[in-house]
Amino acid sequence: MVTFAILASVAVIGALGVVLLRQPIHAALSLVGTLLTLAVLFVTLQAHFLAAIQVIVYGGAIMVLFLFVIMLLNIEHQRKEVQPWLRWAAYGVGLVAATGLIVGAMLDPRQVPDHAVVRDTLQGGHPRLIAEVLYGEFMLAFQLVGVLLLTGMVGAVALVQRPRPQRTSAMIDERRKERASDALEAGGR
Amino acid sequence: MTGDPVSWAALAPFLALAGALVNGLFGARLREPLPGVIASAAVGAAFVLSLVAFATFGERDAGVGVRLWEFMPVAGLDLAVAFHLDQLSLLMMLIITGVGALIHVYSIGYMHGDDGYARYFSALNLFVAAMLVLVMADSYPLLFVGWEGVGVCSFLLIGFWYRQKQNPDAARKAFIVNRIGDAGFLVAMFLIYRTFGTLTISEVNAAVAGFAFGAAALTGIGVLLMVAAAGKSAQLPLHVWLPDAMAGPTPVSALIHAATMVTAGVYLIARSAPLFAASPDASAVVAWVGGITALAAAIVAFAQTDIKKILAYSTISQLGFMFVAVGVGAYWVGIFHVLTHACFKGLLFLTSGSVIHGLGGEQDVRRMGGLRRLMPVTALTALVGTLAIAGVPLLSGFFSKDAILLYTFSSTLLADHGSLVLYGLLLVTAFMTAAYMGRWYLLVFEGEPRLTAESRAKVHESPRVMTVPLVVLAALSVLIGYVGLPSFAFPNLIAPWLQTATASVPFDYPPVWAEWLLIGVAVLVAAGGLALAWWVYALQSGRPVTRFGSGRLAAFARNGLGFDALYRAAVVSPSEGTAAGLALLDRDVLDRGLAASVTTAGFLARAITLLQTGYVRNYALAMLAGAVILVLVVVIAGVRA
Amino acid sequence: MVGTEAYVALSAVLFTIGAVGVLTRRSAIMIFLCVELMLNAANLAIVAYAYQWAGTGLLTGISGQTAVFIILAVAAAEVAIGLGILVAIFRNRASTDVDALSEVRL
Amino acid sequence: MTAVTLVLLPLVVATVLLFARKTIVARAIALIGAIATFVTAVLLPGSDAVQVPWIPTFGAFIAFDPSHAGGVLALVASLVMVPTVLWASLRVESNTGRFLAALFAMWSGLMGLFLARDLVLFYVFWEATLLPSLVMLGGWGGPQRRQALLKYLLYAVAGSFAMLLTIAAIKPLAGAESYLFADLLAASVNLDVLTQTWLFAGFAIAFAVKLPMFPLHHWLIDFHEQNHPSGAADVAGTLYKVGGFGLFAWALPLLPEGARQAAPLLLALGAFTAVYAAIIATRANHLKRLLAYASLSHMGIVAVGLFGLHLAGLSGAMYLLAAQMVTTGGLFLISGMLHARRGSLDADSYGGIAASAPALAAVTLLVLFASIGVPGLANFPGEFLALLGAFQASTAAGVLAVLAVIAAGVYGVNLYQRLYQGPQPNPVADLRPLEVVVLAPIVAATLWLGLAPAAQLRVFEADAIITVERIEQAKDGVDVPLVAVGEVRR
Amino acid sequence: MIPADGFIVWSVLAPALTLLGFAGITLLLAVFQSDRGFIATVALTGVVSAGVFALNLLMQAQGGLAEAGFGLRYLADVPATAFTLVVLLGTALAILVAQGTLGRMGLDHPEYYPLVLLSATGAIVMVSAGDLITLLLGLEIMSLAVYALAAWRTEARQSQEAGLKYFLLGAFASALFIYGIALTYGAGGHFDYAMLMAAFTQPGFEAHVTALLGAVLIIAGLGFKAALVPFHQWAPDVYTGAPTPVTAFMAVVVKAAAFGALLRIASTVFASLEVGALGALLPGVLSVLIGATLIVGNFGALLQTGVKRMLAYSAVAHAGYLGLAVLAADQAGMAAAAFYVAAYTLMSIGAFAVLSALMDDDDGGDGIERFAGLARTRPWLAAGMAVSLLSLAGIPPLAGFVGKVLVIQAAIATGHAALAVLAIVTSVVAVVYYARVVVAMYVRDPSGAARTPERRTARPLGIALGIAVVGTIVLGLVPGLWYGLVDHGQNLLVFVSLR
């Protein structure tokens with residue numbers, strides 16, 4: 001109970017950090033915190049293998065990629081909010097959404113399962129069990145993941161790895177103007 | 001077609017139609033007077049057929065039906081192009097083709113040299129065809145074919161000289177007023193169908209017996225038929241077109257607007273006699289409308305100065321007499337007056353035509369006078385006609401008018417509806433008839449000539465082709481009355497003949513001495529009227545002429561008792577206003593309004609596109625909000641359940 | 001032991017926070033980060049439910065955990081293409097502010 | 001097969017015409033095509049019905065039957081199309097071939113629409129006729145044709161989509177086996193009053209738009225005002241004011257209960273339309289506007305005839321529909337001829353021309369009087385019976401509608417007077433031989449329809465009996481087996 | 001768990017595998033071969049071969065021999081194969097359109113065709129999926145490729161915007177969808193439809209709320225791809241911003257796939273949820289969404305001056321009409337939708353083909369003025385456009401009309417009369433905006449200012465237009481050709497297996 005409360009609080013605080021922290025780097029790191037907390041929660045739910053994957057894949061690979069891109073794109077400066085009301089609308093809708101989903105969860109009448117039975121069944125999410133499912137009933141899905149990653153790769157490469165078009169001076173001018181107007185807007189507000 | 005000579009008469013309208021077609025299609029290429037000859041021959045042949053049928057009809061009880069082809073065999077209606085030839089229709093056919101033939105012949109001379117010579121005869125023939133269909137029809141719808149057909153021909157002929165604006169205007173007025181009556185006819189037919197389930201006249205007449213005396217349905221039908229009859233026969237308040245109709249060539253006025261078409265209303269009521277005989281209320285409407293019309297038209301006739309308009313109002317007045325006759329249930333008398341009136345009024349119109357022809361178009365009686373010496377045949381025949389219409393004894397008008405008075409006096413059908421008052425009304429009218437007709441004759445033919453220089457230069461007696469019909473008609477005007485001598489003392493040929501075809505209504509005949517007394521009264525009235533005219537217009541020659549137009553009453557009368565003004569104010573202007581208003585409403589309000597409602601759709605479209613802000617986060621908000629609403633719906637339903 | 005509904009409620013909260021983040025952050029990359037948070041919240045729910053279903057003694061719990069595995073892969077693929085698009089655009093615009101992406105509208 | 005030929009032949013001609021570049025070639029093709037189609041139409045009465053499965057899973061058939069009301073209308077419409085095609089080939093100068101193609105496409109669509117005995121097929125042709133008329137208006141119309149076109153399109157489509165809804169619903173709701181008329185008729189007894197009323201509303205909207213009926217008539221006015229001044233497109237437009245036919249052939253027999261519920265309102269609207277339009281027509285100055293309002297008035301009378309739900313009225317309404325194709329069509333052709341003479345469609349710019357064009361005046365007078373319901377001519381039997389039927393249902397509506405007869409007299413005579421009578425400022429040419437050829441069928445049909453309506457009326461009545469009997473049953477609340485209804489037909 | 005015999009059924013996978021194989025081939029060709037036309041042809045060959053396999057499967061399923069692989073997780077029943085065929089048709093036509101325009105527009109990068117084929121593979125997986133995870137993967141495969149394609153013109157602001165918008169919102173929608181999967185799994189304990197149905201209809205089932213929450217979130221996720229209101233707002237912007245050939249592909253293939261999946265879920269999982277006390281909830285929710293979609297799509301299109309954007313809104317509107325079929329998914333709706341989506345594919349591609357032929361190389365110039373007088377200057381293009389637009393408007397006897405009748409009929413048969421009325425009312429609005437273009441082409445005179453480019457229509461484009469127009473007409477006149485094949489939608493394999 002207490003463990004859950006602490007972990008939940010940490011996860012929520014981390015999540016709030018993602019939303020509220022100004023610096024993208026901070027926000028990303030805050031997300032990493034939440035992800036790690038989630039890994040711990042997975043452990044309490046008899047999903048040890050998943051917890052490991054969570055730390056390795058998310059905390060390790062995906063988030064590092066994010067941080068890399070954040071730093072690459074150098075996206076500190078933010079212009080003034082165009083629609084200030086949107087923030088409060090978002091908070092309102094979010095509050096309602098959370099309430100609704102929580103009430104929905106509470107409406108589920110099922111009993112808490114017997115921990116022993118769960119442990120015997122899941123065996124802590126043993127890789128062997130997962131493998132059996134993955135290569136059994138999820139075999140097609142597993143293959144499709146491959147296709148998916150291929151698609152993602154081809155798509156990303158196609159967009160980024162392009163023979164650069166001949167830049168005309170007009171295009172450069174256009175981009176300059178754009179930047180200038182961006183700066184003006186940022187400064188003016 | 002059977003071997004029965006009576007049924008051959010069914011060809012009559014087609015002969016006239018053939019004449020109309022020949023003249024209509026090829027007339028323009030025919031040389032004068034060929035179109036006139038063709039037309040006259042067609043009508044003459046029709047007259048011969050009618051005469052043969054009339055002669056061979058014999059003592060039959062029922063009419064001869066001639067069924068040509070199916071017309072509208074729908075919804076239990078057995079409507080065919082079928083003719084019903086009985087005593088009534090045959091008599092009418094004789095009038096139409098007989099008088100018609102004479103007038104056709106007369107027209108050969110009268111229309112000499114006109115551009116529309118062939119067109120004229122084509123229309124005139126077409127009219128005869130339509131009129132024959134009207135009287136021969138065995139069903140109301142077919143009768144209506146003729147009914148509107150004569151209206152159309154009347155329209156064509158009134159507006160015959162269409163290049164002056166007033167002639168087409170008069171034609172239009174005639175057509176529209178007639179259409180009002182026709183609308184009444186239509187509704188009458190609908191009501192007949194609802195009441196009787198048939199529109200065949202004989203079936204309707206037979207079925208009347210199944211209804212209570214004075215049943216409301218019968219009264220309704222009767223009144224509606226009277227509306228129709230009033231339109232066609234120029235009875236109050238739908239009489240306004242007839243005086244204007246004098247814009248047409250004078251033979252047309254004689255044939256259509258005196259002898260035949262305008263009597264169609266009388267014929268209609270006589271045709272539906274059993275129905276009216278069973279409905280005193282409807283009959284009372286007929287008789288009273290007739291009586292009031294007779295008097296009112298007589299008053300107006302006094303004040304007119306146009307040679308034809310006097311006759312036109314006289315016609316309206318005489319038609320009123322006929323309506324009184326059929327109204328009180330004396331159907332044969334009504335038709336008898338149609339017959340005599342066709343002769344003498346036809347004659348009178350033709351004589352006035354002759355005068356106009358002789359004077360080169362002059363129509364104002366103030367610029368006539370003394371024509372007896374210049375146009376002797378015309379004057380003589382006109383005198384015969386005048387005396388006949390005035391009711392001078394032993395001439396045709398005397399017999400028919402006397403019969404009307406007598407039957408009105410002795411009516412039982414209208415005994416509760418003031419038949420005696422009507423009698424008085426008619427007596428007054430008869431007096432006035434004699435007086436204004438005397439005035440007409442005296443102003444035109446007697447006294448000093450007041451002709452304009454132009455007229456004086458042209459004046460001549462009409463050619464033989466015109467005077468012969470005058471003479472024939474004059475003879476008829478004298479003689480035709482003898483078919484209907486007062487039955488209490490003399491053999492009456494026409495009454496039993498017609499009663500089989502119409503209906504017999506009981507009358508409360510007075511004793512013989514009283515009948516003689518009534519005749520005496522009638523004679524006195526006629527004599528008095530003529531004497532008055534003589535006194536005013538012959539003895540004080542010259543002076544009364546200057547009194548034309550003086551006095552408010554005279555002006556009122558000259559303007560037809562203000563009916564035209566009334567219509568303009570109460571009907572024409574409001575309708576025109578309504579039309580203008582509706583046109584405006586339709587175009588500028590309703591159409592625009594619908595357009596505006598389309599604009600509302602535009603607002604919705606604008607609103608939707610405005611939501612499309614382009615901001616990703618707005619879209620995400622919409623998605624999330626949508627999803628949240630769905631979630632809430634589920635959760636709330638779950639909490640409730 | 002805490003009930004499954006508590007875990008699910010937690011996942012709901014995280015999910016909502018992620019969604020709110022999508023609405024409030026303006027940098028495309030931060031929005032994407034928030035989407036990752038939402039995916040993780042979903043994962044948490046699945047793992048919690050897997051635990052619940054394991055209570056019936058059947059292997060369905062394992063298939064739930066396996067599904068999480070696959071969803072991780074989905075997230076990875078999305079990251080690949082997403083970052084690809086971001087980079088491609090940033091080359092041209094030098095900005096990841098999504099509010100600047102509002103030219104096509106109405 | 002005659003029926004199929006009649007539907008396809010004009011379509012083939014239309015297709016060929018699309019490729020005719022030279023005007024003279026187009027004229028020749030059109031002439032031959034018109035004659036061939038008309039001959040086929042003449043062969044139509046008594047020819048066999050056709051019924052071939054079309055979309056089996058859908059329950060739609062290619063079914064044509066010339067022995068019903070539609071057969072008569074198809075014949076009359078063909079009769080009118082012949083002079084229209086001739087006139088158009090003479091008077092439409094730009095892209096003659098295409099215009100004629102549109103006319104022939106319209107012809108084909110009309111034939112299909114009249115002859116179809118399958119509801120889906122009917123609808124397809126219903127919409128198919130829309131396109132050529134749009135093309136004619138859009139391609140050859142007046143300066144404001146775009147607005148007119150969009151308005152017309154909007155009205156037409158709004159109406160036909162409402163019908164589409166009914167069509168989509170009627171089969172599943174009634175549980176019919178197919179969209180064949182006979183199957184729908186047999187199954188529609190399963191529909192309760194409320195459903196019938198709603199379904200009927202769908203039909204009623206569609207047909208009221210095309211009829212048209214107040215207040216859905218505004219498209220008609222603009223449509224005619226903006227169409228090519230030759231009047232050819234107007235004639236075609238007049239031909240397919242087939243809302244009355246749709247009601248008669250489909251809506252009323254299939255949904256008698258619905259019809260009975262809606263009849264009082266529609267009867268009143270019809271009567272109002274008749275009078276309203278006729279009154280406005282008395283004010284109109286533009287020839288085509290006048291004719292538009294006049295024909296709108298006729299359509300009001302058609303409506304009262306139909307919604308009187310009386311045998312006479314139903315048959316009469318159909319007859320009036322057929323007759324007004326000829327008379328209104330003829331008047332539009334005449335207006336085109338007038339325009340050819342003086343280049344104007346304003347009544348004010350004419351006057352007194354009977355003197356110089358007596359034959360034209362005579363034909364105008366004949367057709368005009370036929371149009372305003374003078375007995376002995378085309379419109380009278382239909383008008384009379386329609387009003388008779390309406391009066392049996394409602395005295396008030398009957399009497400109101402009769403007022404339109406008076407107003408018709410007013411505008412008819414006014415029009416004639418303004419065009420042909422009075423002083424003649426400048427003379428015009430009289431009918432040319434080719435114009436005589438164009439008008440001859442119109443005149444012939446005017447007389448034929450006026451004098452010998454019996455055969456056609458019998459056909460209409462045979463169809464109308466179905467409706468009337470079903471309504472009688474509905475009134476009595478008795479379920480009479482429908483076989484009996486079928487046998488009643490003569 | 002060792003896969004049993006018959007777990008992997010290769011024949012079922014044939015269309016998808018063929019497509020995937022050809023995606024690989026084209027990818028390799030893209031590296032070595034510079035002739036883009038050749039690559040396109042190879043891609044087309046792949047699509048056609050896949051189509052042959054799919055047609056074979058459809059025939060088989062028609063004969064009652066529907067197959068399934070992976071324990072009902074990948075199906076080849078009538079709806080699946082029918083939608084597969086539609087997807088392939090759309091893909092083929094879109095490839096032709098692309099082949100005819102990409103080179104001219106300077107967008108002929110080598111990865112285009114592989115991505116299209118991959119995307120189509122994902123779409124096929126979506127419509128064939130028998131479980132939520134497979135569905136998710138199909139959806140992602142399809143979407144990722146389309147995200148990239150939408151941003152294809154990386155140097156153009158509009159295209160960038162389209163790609164990023166689509167991607168961000170798509171990811172957001174995916175998150176919703178995945179959360180929905182999580183909840184559904186929570187309620188039913190399974191991911192495959194058959195087992196979920198079994199679980200939901202079990203007597204002791206009590207987690208209704210969880211299941212319904214899962215369902216609505218799945219609706220939200222799929223509704224995004226299908227462009228149902230309020231998840232539609234990306235569609236007008238992305239369709240407008242994406243290069244026109246891509247828009248054509250998106251408009252037809254993505255829509256077909258989304259609806260194929262949505263229909264199957266609606267007819268199985270959702271249908272089984274209708275047993276409980278909250279049974280009427282899902283149809284109610286759906287009908288509100290569909291009603292809103294009809295209104296927004298049609299009215300949104302009303303004021304558009306760009307034809308491309310008008311078509312984008314119209315795509316939203318057509319989602320509404322297809323939605324009518326979803327409501328009747330367990331009855332005639334499936335077949336109706338299969339027909340409608342085929343018709344939609346043809347007429348939509350027809351319109352986009354003409355649009356591509358007319359637009360400038362930089363994807364500009366889709367204003368309605370460009371269509372003024374087109375009937376005179378380019379009669380064939382105008383005729384093709386007119387047929388397509390009139391069909392979209394639902395004018396008989398074109399395919400769109402039959403489709404509309406079918407879906408409306410299905411909706412009425414399931415008691416959604418009010419929605420059917422709304423569909424009709426909004427169709428009237430639709431006629432207005434489609435007609436505006438047709439009127440411009442046929443009534444207005446060619447205006448000098450907005451001249452149409454004087455260029456020949458590329459042959460592949462012409463072929464695509466020809467196929468689309470002929471198909472639209474043929475499907476309208478003889479709808480039985482296609483409807484006869486798909487009208488066995490009620491016999492979903494999942495149902496068969498349960499009984």
Side-chain angles (χ1 to χ4, degrees), chain A residues 1 4 8 11-12 15-16 18-19 24 27-28 31 35 38 41-42 45-47 50 57 62 65-66 69-70 73 75 78-79 82 87 90-91 94 97-98 101-102 105-106 108 112-115 117-118 121-122 125 129-130 133-134 137-138 141 145 148-149 152-153 155-156 159-160 179 182, chain C residues 1-10 12-21 23-27 29-30 33-34 36-37 40 44 47-48 50-52 54-55 57 61-63 65-66 68-70 72-77 79-81 83-88 90 94-97 99:
Chain A
M1 187 70 197
F4 177 77
V12 170
L16 287 175
V18 178
V19 177
L31 179 62
L35 295 185
L38 285 184
L41 279 168
F42 285 179
L45 288 167
Q46 288 289 313
L50 273 185
V57 174
I62 299 181
L65 195 59
F66 261 104
V69 170
I70 288 169
L73 300 186
I75 46 171
Q78 288 207 338
R79 286 184 292 181
V82 187
R87 176 172 294 272
Y91 292 158
L101 287 174
I102 291 169
M106 296 304 168
D108 201 334
V112 180
D114 183 2
H115 188 66
V117 179
V118 175
T121 319
L122 290 179
L129 288 177
I130 289 190
V133 175
L134 202 54
E137 59 176 297
F138 278 9
V145 166
L148 176 66
L149 292 172
M153 213 166 65
L159 287 178
V160 179
R179 287 219 180 108
D182 281 4
Chain C
M1 181 60 203
V2 191
T4 313
E5 68 270 12
Y7 282 94
V8 176
L10 174 61
V13 169
L14 294 178
F15 185 79
T16 320
I17 291 174
V20 170
L23 299 183
T24 51
R25 308 261 9 180
R26 272 179 296 158
S27 160
I29 196 152
M30 294 312 297
L33 216 55
C34 293
E36 292 299 326
L37 179 58
N40 274 284
L44 176 60
V47 174
Y51 184 87
Q52 173 79 38
I62 285 295
S63 51
Q65 290 198 357
T66 318
V68 171
F69 196 77
I70 289 172
L72 280 180
V74 168
V79 167
I81 197 100
L83 295 181
I85 293 174
L86 271 176
V87 169
F90 191 82
S95 161
T96 56
D97 187 345
D99 285 350

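All chains are named by letter (A, B, ...) in the order of the sequence lines, taking the proteins before the strands, and each is independently numbered beginning at 1.
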[X] versus [Y]: any side-chain heavy-atom pair under 4.5 Å?
X: C/Tyr7; Y: C/Val47; answer: no
X: A/Gln46; Y: A/Thr121; answer: no
X: A/His115; Y: C/Tyr51; answer: yes
X: C/Thr24; Y: A/Tyr91; answer: yes

Between the CG atom in A/Leu122 and the CD1 atom in C/Ile62, the distance rounded to the nearest 0.5 Å is 5.0 Å
Identify which part of [X] has an atom lying under 4.5 Å from any heavy atom of chain C, answering side chain, backbone, both or neither.
X: A/Val160; value: both
X: A/Leu129; value: both
X: A/Leu50; value: side chain
X: A/Leu38; value: side chain

Side chain, backbone, both or neither of [X] within contact of chain A (heavy atoms, under 4.5 Å):
X: C/Leu44; value: both
X: C/Leu10; value: side chain
X: C/Ala19; value: neither

Note: vs chain A, highest number of non-hydrogen pairs under 4.5 angstrom among C/Val74, C/Val13, C/Thr4, C/Ile70 is C/Ile70
Determine the option with the most heavy-atom pairs under 4.5 angstrom with chain A, choosing from C/Leu86, C/Asn40, C/Ile81.
-> C/Asn40
Just by distance, do the side chain of C/Arg25 and the backbone of A/Val19 share a donor-acceptor pair under 3.5 Å?
-> yes
Among A/Gly155, A/Ala47, A/Ala28, A/Ala141, which has the most heavy-atom pairs under 4.5 Å with chain C?
-> A/Ala47
Picking from A/Asp114, A/Leu65, A/Val57, which has the most non-hydrogen pairs under 4.5 angstrom with chain C?
-> A/Leu65
With side chain to side chain contact (heavy atoms under 4.5 Å, CB included) as the test, would you mind laying out the steps for C/Thr66 and A/Glu137 before giving the verdict?
-> CA-CA 10 Å; C/Thr66 318; A/Glu137 59 176 297; over 6 Å; no
Quick one: ring-ring contact (aromatic ring centres under 6.0 Å, His included) partners of A/Phe42, sequence neighbours excluded?
-> none
